[in-house]
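Read the structure below first, then the notes.
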Amino acid sequence: MVYASIASVFSGGVFGDHCSPISDTTIMSSIFSGCDHLDHVNTQLPYALTAGFVSAVMLLLFAAGLQNGWALLAIAVPLLVVLHRLLSEWYGARVGIPGCRVPVYVVGSAYEENTQGRK
């Protein structure tokens with residue numbers, strides 16, 4: 001029960017930090033990235049709500065009797081991956097991104113080949 005309480009406090013703190021428009025990290029992130037502060041908060045909300053939802057589901061499963069941490073983790077990770085993919089496709093379709101999915105940028109050899117002439 002102690003671990004569930006600690007996990008609940010941590011997840012609530014992170015959730016509040018991402019959703020609060022007056023959080024110091026939210027303000028600094030929007031300033032340093034050069035975007036409007038409320039736009040930054042609005043882009044963080046769907047992801048924070050998704051993580052908060054999964055945390056609440058895990059707490060309910062724990063309260064229902066599933067107290068094996070590895071089993072809860074085995075449920076939470078695929079649930080987060082699926083919800084992130086659905087959220088990415090929904091947001092991509094909403095803002096008109098081709099392919100209806102927000103791209104994931106990976107820096108690697110293809111990135112270096114494309115930027116050779118720009119130096």
My understanding is that only residues two or more places apart in sequence, or in another chain, count here; which of them pass side chain to side chain contact (heavy atoms under 4.5 Å, CB included) with S29?
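For S29, the residues satisfying side chain to side chain contact (heavy atoms under 4.5 Å, CB included) (neighbours in sequence not counted) are H40.
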
Co-members of [X] in a cluster of I, L, V, M, F, W and Y side chains, linked at under 4.5 Å:
X   : answer
V2  : I6, F10
F32 : I27, M28, I31
V9  : none

Using residues 14-21 as the side-chain source, report each donor-acceptor pair under 3.5 Å to any protein atom, sequence neighbours left out, with the distance given to one decimal.
| residue | atom | partner | partner atom | Å |
| --- | --- | --- | --- | --- |
| D17 | OD1 | S23 | OG | 2.4 |
| D17 | OD1 | T25 | OG1 | 3.0 |
| D17 | OD2 | T25 | OG1 | 3.0 |
| H18 | ND1 | Q44 | OE1 | 3.4 |
| S20 | OG | I22 | N | 3.3 |

side-chain hydrogen bond (donor to acceptor under 3.5 Å, both in side chains) against S30, all qualifying residues, sequence neighbours excluded
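Only H37 meet the side-chain hydrogen bond (donor to acceptor under 3.5 Å, both in side chains) criterion with S30.
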
Pairs flagged by salt bridge (Lys or Arg N to Asp or Glu O under 4.0 Å) wherever residues 75-86 is involved - sequence neighbours left out
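Salt bridge (Lys or Arg N to Asp or Glu O under 4.0 Å) check on residues 75-86 returns R85-E89.
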
Could you state the interatomic distance from CG (L83) to CG (L49), rounded to the nearest 0.5 Å?
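Separation between the atoms: 11.5 Å.
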
Listing, residues 55-80 side-chain donor-acceptor contacts under 3.5 Å, not counting sequence neighbours, or none:
| residue | atom | partner | partner atom | Å |
| --- | --- | --- | --- | --- |
| S55 | OG | A51 | O | 3.0 |
| N68 | OD1 | W70 | N | 3.0 |

